[in-house]
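From a predicted model like this one, the values you see are computed outputs, not experimental measurements.
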Amino acid sequence: RLTIHSVFVDAEVGRVAISGNATIMMRIARNGENFGNIRTASLGATGQYNRRAVFRQCGQGRRPVIEVMCSDNVNLTINGILVHLTPDAN
């Protein structure tokens with residue numbers, strides 16, 4: 001079993017439409033099949049280029065699968081995803 005401490009989504013941010021604020025969404029299937037609740041984080045308003053979407057305390061799972069989505073019709077470029085996790089001692 002794995003403990004997922006945090007998920008960092010490195011995406012191109014700050015490029016939403018004027019006065020817009022796009023949201024990135026993530027959900028995890030801890031068993032590899034059934035997804036849990038959707039969690040959200042802001043991609044930042046236009047011009048906020050130094051933001052990063054971070055999801056913390058993501059739980060435990062045996063075969064975790066992570067799904068990432070965007071709430072708005074924006075050009076979303078994901079450069080990478082970093083998952084901080086540790087295996088259980090058992």
Do any pairs count as a ring-ring contact (aromatic ring centres under 6.0 Å, His included) and have a residue in residues 51-76, sequence neighbours left out, and if so which ones?
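Sorted result for residues 51-76: empty, none.
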Determine whether a donor-acceptor pair (N or O, by modelled atom type, separation under 3.5 Å) exists between the side chain of Arg30 and the backbone of Cys58.
yes
In sequence, state the C-alpha distance, the side-chain angles, and the governing distance for Ile4 and Val83, and then conclude on side-chain contact (heavy atoms from CB on, under 4.5 Å).
CA-CA 7 Å; Ile4 306 168; Val83 180; 3.9 Å; yes
With the 4.5 Å side-chain cut-off for hydrophobic clustering, are Ile78 and Ile28 part of the same group?
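Per the 4.5 Å side-chain linkage, Ile78 and Ile28 are co-clustered.
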Verify the cluster assignment for Val54 and Met26: are they in a single hydrophobic cluster under the rule of side-chain heavy atoms below 4.5 Å apart?
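No, Val54 and Met26 fall in different hydrophobic clusters.
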Using the side-chain hydrogen bond (donor to acceptor under 3.5 Å, both in side chains) criterion, which residues pair with His5? Sequence neighbours excluded.
Thr86
Salt bridge (charged side-chain N to carboxylate O under 4.0 Å, His left out) contacts in which one or both residues fall within residues 40-49, not counting sequence neighbours
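Not a single pair qualifies under salt bridge (charged side-chain N to carboxylate O under 4.0 Å, His left out).
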Any salt bridge (charged side-chain N to carboxylate O under 4.0 Å, His left out) involving residues 54-63? Give me the pairs, sequence neighbours left out, ordered by first then second residue.
Glu33-Arg63
From Gln57 CD over to Thr3 OG1, what is the distance, rounded to the nearest 0.5 angstrom?
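The distance works out to 11.5 Å.
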To the nearest 0.5 Å, what is the distance between CZ on Arg52 and CZ on Phe8?
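So the gap between those two atoms works out to 5.0 Å.
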Apply side-chain contact (heavy atoms from CB on, under 4.5 Å) to [X] and list each qualifying residue two or more places apart in sequence or on a separate chain.
X	value
Leu2	Pro64, Leu85, Pro87
Asn79	Asp10, Thr77
Thr40	Thr23, Met25, Ile38

Does the side chain of Val68 come within less than 4.5 Å of Ile24's, by heavy atoms?
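The answer is yes, as the side chains (C-beta and beyond) meet within the 4.5 Å cut-off.
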What do the steps show when you test Gln60 against Asp88 for side-chain contact (heavy atoms from CB on, under 4.5 Å), and what is the final call?
CA-CA 9 Å; Gln60 296 180 333; Asp88 285 353; 3.9 Å; yes
